[in-house]
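Right, one structure below, let's go through it.
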There are 2 protein chains.
Amino acid sequence: MSEIEIFKVLSDPTRRAILERLSAGEATATDLREGFAITQPAMSQHLAVLRGAGLVSERREGRYAHYRVDPEGFAPLHAWLARYRAFWPSRIDNLKDLLREMDQ
Amino acid sequence: MSEIEIFKVLSDPTRRAILERLSAGEATATDLREGFAITQPAMSQHLAVLRGAGLVSERREGRYAHYRVDPEGFAPLHAWLARYRAFWPSRIDNLKDLLREMDQ
DNA sequence: GTTACACATAAGCACATACTTATGAGTCGT
DNA sequence: ACGACTCATAAGTATGTGCTTATGTGTAAC
């Protein structure tokens with residue numbers, strides 16, 4: 001999936017909220033509906049879009065569809081952002097701190 | 001500017017192309033129109049959106065408006081992406097390499 | 001087999017958004 | 001002062017997008 005589409009996919013607040021929910025762990029489509037005031041088809045459509053963008057992967061188990069974040073899908077976004085981080089001196093230290101934390 | 005709006009702003013391919021053009025250096029609104037098949041008001045509107053998102057800053061000089069990338073504006077996007085980089089082990093090393101290069 | 005369930009797809013609708021042309025506001029050159 | 005210019009704003013329009021209800025497909029329980 002190219003960076004061309006990923007921004008459009010992420011521009012929807014509901015889809016970002018779904019990703020945030022999935023960042024806490026795998027969940028089924030009905031699990032995800034909790035806390036969202038949307039119908040089942042709406043959730044299904046959002047998940048299809050996220051899946052199409054490669055941001056989410058699906059694991060089928062009987063009649064349940066388990067969704068989880070696919071970290072690889074964020075690569076285009078990361079690559080795009082890196083272009084502008086090149087002249088981003090004031091934030092580099094924060095980024096270093098972040099990496100230092102992750103090493104521990 | 002919150003992350004809530006930044007994705008919507010970046011979801012437009014023309015605006016991303018404008019940013020890419022500006023990453024090569026400052027430019028006026030008319031300079032930017034070269035290579036884009038859009039009218040002057042369309043460009044002006046895009047620049048207003050980018051400015052509103054804090055991704056671009058404006059320097060007024062007579063009747064010319066010089067635009068440049070504002071690196072600070074990318075902070076919300078970076079912060080958002082960091083959440084998903086947390087479980088993104090395969091890419092961390094690349095990021096470290098990037099920082100190492102920038103130190104030199 | 002039949003019913004209930006989990007999810008996907010189809011069709012239609014309401015709103016958002018990016019475009020256009022027309023015009024306004026301010027600046028420079030003569 | 002006037003005309004040419006750079007850019008911003010207004011108003012209208014066409015397309016895109018996210019939602020709904022209705023229906024289809026497949027699975028589990030009885």
Side-chain angles (χ1 to χ4, degrees), chain A residues 1-22 25-70 73 77, chain B residues 1-22 25-70 73 77:
Chain A
M1 179 74 25
S2 63
E3 82 190 24
I4 299 173
E5 309 186 38
I6 198 169
F7 281 107
K8 203 182 299 178
V9 171
L10 291 173
S11 68
D12 183 78
T14 302
R15 284 195 285 267
R16 288 199 307 277
I18 290 170
L19 282 174
E20 187 172 338
R21 167 73 181 77
L22 286 178
E26 201 181 64
T28 67
T30 31
D31 288 344
L32 288 168
R33 282 192 60 201
E34 286 190 47
F36 292 95
I38 58 174
T39 59
Q40 176 268 319
M43 176 59 73
S44 184
Q45 286 160 15
H46 280 306
L47 289 170
V49 172
L50 288 168
R51 191 160 20 103
L55 294 167
V56 147
S57 67
E58 184 195 22
R59 180 173 62 85
R60 225 43 194 277
E61 194 173 335
R63 54 183 162 174
Y64 293 91
H66 298 261
Y67 286 93
R68 70 172 64 186
V69 172
D70 183 357
L77 183 57
Chain B
M1 178 75 25
S2 65
E3 82 189 23
I4 299 175
E5 309 186 37
I6 199 169
F7 281 107
K8 203 182 298 176
V9 171
L10 292 173
S11 68
D12 183 79
T14 302
R15 282 195 286 267
R16 286 199 307 277
I18 292 170
L19 282 174
E20 186 172 338
R21 167 73 182 75
L22 286 178
E26 201 180 63
T28 66
T30 31
D31 290 343
L32 287 168
R33 281 192 60 199
E34 285 191 47
F36 293 94
I38 58 175
T39 58
Q40 175 268 320
M43 176 59 73
S44 183
Q45 285 160 17
H46 280 308
L47 289 170
V49 171
L50 287 168
R51 191 159 19 103
L55 293 167
V56 148
S57 67
E58 185 195 24
R59 180 174 62 86
R60 224 44 193 277
E61 194 173 336
R63 54 183 161 176
Y64 293 91
H66 298 261
Y67 286 91
R68 69 173 64 185
V69 172
D70 183 357
L77 182 57

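Source: prediction; values computed, not measured. Quick note: numbers below take in every heavy atom, side chains included, and nothing from hydrogens, waters or symmetry partners. So that the names make sense, note that chain A is the first sequence line, chain B the second, and so on, each numbered from 1.
Side-chain N or O atoms of Arg51(B) include none that pairs as donor or acceptor with a backbone N or O of Val56(B) at under 3.5 Å.
Distance CZ (Arg16(A)) to C1' (dT17(D)): 15 Å, rounded to an integer number of Å. As a whole-Å value, the separation of Asp12(A) CG from dA16(C) P is 13 Å. Note: CG (Leu32(A)) to C1' (dA6(C)) measures 13 Å, nearest angstrom. If you measure from atom CZ of Phe36(B) to atom C1' of dC7(D), you get 17 Å, rounded to the nearest angstrom. A straight line from CE of Met43(A) to P of dG18(D) spans 14 Å, rounded to a whole angstrom. Per the geometry, CD belonging to Glu61(B) stands 14 Å off P belonging to dT6(D), to the nearest Å. Residue His66(A) contributes atom NE2, which lies 13 Å from atom C1' of dT27(D) at whole-angstrom precision.
The nearest pair of heavy atoms linking Leu55(A) to Leu19(A) is O-CD2, 4.1 Å. Here the closest heavy-atom approach between residue Thr28(B) and residue Tyr64(B) is recorded as CG2-CD2, 4.1 Å.
Each of Ala37(B) and Gln40(A) lies near DNA chain C, and the nucleotide nearest Gln40(A) is the one positioned closer to the 5' end. Place Gln45(A) and Tyr64(A) on DNA chain C by their nearest nucleotides, and Tyr64(A) ends up nearer the 5' end. Between Asp31(B) and Thr14(A), the residue whose closest nucleotide on DNA chain D is further toward the 5' end is Asp31(B).
The nucleotide whose nearest atom lies closest to any side-chain atom of Arg60(A) is, among dT21(D), dC7(D), dC7(C), dC7(C). Taking every side-chain heavy atom of Arg63(B) into account, dC28(C) is the closest of dC28(C), dC7(C), dT9(C). Distance from the side chain of Ser44(A) is smallest to dA8(C) among dT20(C), dT20(D), dA8(C). Of all nucleotides listed (dA10(D), dA18(C), dT20(D)), dA10(D) comes nearest to the side chain of Pro41(B). Closest to the Lys8(A) side chain, of the nucleotides dT17(D), dG18(D), dA8(D), is dT17(D). When each of dT20(C), dA6(C), dA18(C) is scored by its nearest atom to the side-chain atoms of Ile38(B), the top-ranked nucleotide is dT20(C). Of the candidates dC7(D), dC19(C), dG18(D), dG18(D) carries the atom nearest the His46(A) side chain, counting heavy atoms from C-beta on. When the nucleotides dG18(D), dT21(C), dC7(C) are ranked by their closest atom to the side chain of Arg15(A), dG18(D) comes out on top.
Within the structure, every side-chain polar atom (N or O) of Arg33(A) is placed at least 4.0 Å from both OP1 and OP2 of dC7(C). Between Tyr67(B) and dA8(D), a side-chain N or O to OP1/OP2 separation shorter than 4.0 Å is present. Considering only side-chain N and O atoms, Thr28(A) lies nowhere under 4.0 angstrom from the phosphate OP1 or OP2 of dA6(C). At least one side-chain nitrogen or oxygen of Thr30(A) sits closer than 4.0 Å to the OP1 or OP2 atom of dC7(C).
His46(A) is listed as a side-chain neighbour of Ile38(A), based on a closest heavy-atom distance under 4.5 Å. You'll find the side chain of Ile18(A) reaches within 4.5 Å of the side chain of Met43(A), heavy atoms only.
In this structure, Glu58(A) reaches the sugar-phosphate backbone alone: every heavy-atom distance under 4.0 Å involves primed, P, OP1 or OP2 atoms, never a base. At the heavy-atom level, Ala42(B) lies under 4.0 Å from base atoms of the strands shown.
Remark: His66(A) NE2 to Leu22(A) CG distance equals 12.5 Å, nearest 0.5 Å.
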